[in-house]
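Structure first, then comments.
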Amino acid sequence: MSTPKFIKKLAVLVAIEATVGTIVVPVAADAIEVSDVTLTPIEGDEVDQGVIRPYFGASETALVTLYRKIAFSVGFAGVAAPGDLPGWSTLMRACAASVTNTPAPGPGAGTVFAPVTDGIESVSIYATVDGMLYKMAGARANVKAQVDAKQIPKWQYEFTGSFLPVVDVGAMPAVNYSKFLRPLGVNKLNTSLVLDGFAAACNSFAFDFGNQVVKQDLMNVDTTEITGRASTGSVTFRNTSVATKNWIEMAREGVKVPLLLTHGRAVSNPADTSNTVVISAPLAQIGKPTFSDQDGIQMITVPLRYIPSNAGNDEWTITA
């Protein structure tokens, strides 16, 4: 009888690659504190051989591409002190984001993430499940944020990378999660959303980088590429009078407005920027609203498209 493998004995370590697709062995400091993990150990395009025989029956198939995927959530939390790098900064770099860090002491200490088009970085991923190691090289990803009232907010990542054989390693790797803080609950004390200068009574905020992640398997090529980006999202909040904001007319005209989400200690105490994440979008285009019912109160959901300026790569920023 085989010894069981326990799914809750799991470690995910992620390291930036110096050369795209060349595996880097991560160390304890590269450990990512994750939840909601889905590991797809082998993925690829499967083609039927199409063999015809003098009787009915299946023909063999062949995997003509091979790759691996892993999806997981990470807490939507900031840092202990301005200038620290959040634990999820490595992940963002593989989601086509730049990282600009201003260390403390001094004014302006903090970390700012912004979208990029060129020079997109990649990561090596080591996912170990109870002594079985699943490696990925050249991995890149898309990421979403879900910030819902009365819930714990999370980043949701989906990585695609090259396939490498599974190996037994016996012992679980050493991990260090000190860069990860516990995210605060989403409520009035901790969370504020302002859309076109209006402080919305918000129930839900969704944000999607919108990266187009594709696996390329060609002669002499085995890579994961990000080939486009269309960042979107939505906000659900208590509907307002027309005099306050005419959301329907704004959608009809395709108006672009600023959005600012702040989640963390700075909401109740602006002098304390610890454990705070800010998402800012200067040109959020209002989409077609829909209505819903929450506790007998009419809610409105406004879809958003984040539009870059003529300078490009500036449709949003994330500050931690």
Side-chain angles (χ1 to χ4, degrees), residues 8 10 12 31-38 71-92 95 110-113 142-158 175-195 198-209 231-240 259-281 284 292-304 316-320:
K8 292 191 175 179
L10 181 145
V12 176
I32 307 295
E33 194 171 64
V34 299
S35 61
D36 312 318
V37 180
T38 300
F72 51 78
S73 298
V74 175
F76 189 89
V79 296
D84 292 350
L85 277 170
W88 37 268
S89 62
T90 298
L91 306 178
M92 291 301 191
C95 293
T111 304
V112 178
F113 301 84
N142 186 46
V143 60
K144 304 176 182 180
Q146 194 65 46
V147 183
D148 293 340
K150 299 189 291 186
Q151 298 295 326
I152 300 298
K154 294 181 178 182
W155 295 109
Q156 299 167 341
Y157 296 89
E158 184 177 65
V175 295
N176 182 344
Y177 298 129
S178 60
K179 294 180 292 185
F180 292 87
L181 301 186
R182 290 285 178 264
L184 303 174
V186 180
N187 51 39
K188 180 182 177 181
L189 180 67
N190 300 324
T191 320
S192 168
L193 187 138
V194 178
L195 182 62
F198 172 70
C202 186
N203 177 58
S204 179
F205 170 79
F207 174 52
D208 184 348
F209 274 32
S231 299
T232 61
S234 66
V235 183
T236 300
F237 53 94
R238 287 184 182 180
N239 197 13
T240 65
L259 173 139
L260 183 69
L261 172 87
T262 306
H263 177 74
R265 300 193 185 282
V267 173
S268 58
N269 180 10
D272 182 4
T273 59
S274 64
N275 201 359
T276 298
V277 179
V278 177
I279 297 177
S280 175
S292 58
D293 177 349
Q294 181 182 347
D295 303 324
I297 296 173
Q298 187 187 51
M299 308 295 285
I300 184 170
T301 297
V302 176
L304 303 169
W316 46 259
T317 58
I318 301 164
T319 305

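Below, each value reflects all heavy atoms present in this structure, side chains not excepted, and no hydrogens, waters or symmetry copies.
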**Item:** Between Trp88 and Phe76, ring centroids under 6.0 Å
**Value:** no
**Prompt:** Quick one: are Ile297 and Arg238 in side-chain contact, heavy atoms under 4.5 Å?
**Reply:** yes
**Request:** With rounding to the nearest 0.5 Å, note down the distance linking OG in Ser292 to CG in Asn239.
**Result:** 9.5 Å
**Asked** Taking the six-membered ring for Trp, are Trp316 and Phe207 parallel (under 30°), tilted (30 to 60°) or perpendicular (over 60°)?
**Response** perpendicular
**Asked** Under a 4.5 Å cut-off applied to non-hydrogen side-chain atoms, are Glu158 and Asn142 in contact?
**Response** no
**Item:** Approximate separation, where rounding is to 0.5 Å, of Thr276 OG1 and Leu181 CG
**Value:** 10.0 Å
**Request:** State, to 0.1 Å, how close Thr191 and Gly185 come at their nearest heavy-atom pair, and which atoms those are.
**Result:** OG1-O, 4.1 Å
**Prompt:** Any side-chain heavy atom of Tyr157 within less than 4.5 Å of one from Val34?
**Reply:** no
**Item:** Lys154/Gln146 under side chain to side chain contact (heavy atoms under 4.5 Å, CB included): CA gap, chis, key distance, verdict
**Value:** CA-CA 6 Å; Lys154 294 181 178 182; Gln146 194 65 46; 5.8 Å; no
**Fill in**
Of all heavy-atom pairs linking Phe72 and Val37, the shortest is CB-CG2, 4.0 Å
**Complete:** Between Leu304 and Leu195, the two heavy atoms sitting closest are CD2-CD1, 4.4 Å
**Item:** Flag side-chain contact, heavy atom, 4.5 Å: Ile32 against Leu91
**Value:** yes
**Prompt:** Going from CG on Leu184 to NE2 on His263, what distance comes out if it is rounded to the nearest 0.5 angstrom?
**Reply:** 5.0 Å
**Asked** Under 4.5 Å between any side-chain heavy atoms of Cys202 and Val235, yes or no?
**Response** yes
**Request:** Would you mind reporting whether Lys179 and Leu85 have side-chain heavy atoms less than 4.5 Å apart?
**Result:** no
**Complete:** Nearest heavy-atom approach of Asp148 to Ser204 is OD1-OG, 2.6 Å
**Asked** Does Leu193 reach the side chain of Val147, with side-chain heavy atoms less than 4.5 Å apart?
**Response** no
**Request:** Give the minimum heavy-atom separation between Thr301 and Ser234, together with the two atoms involved.
**Result:** CG2-CB, 4.2 Å
**Request:** Using a 4.5 Å cut-off on heavy atoms from C-beta on, say whether the side chain of Pro86 contacts that of Trp155.
**Result:** no
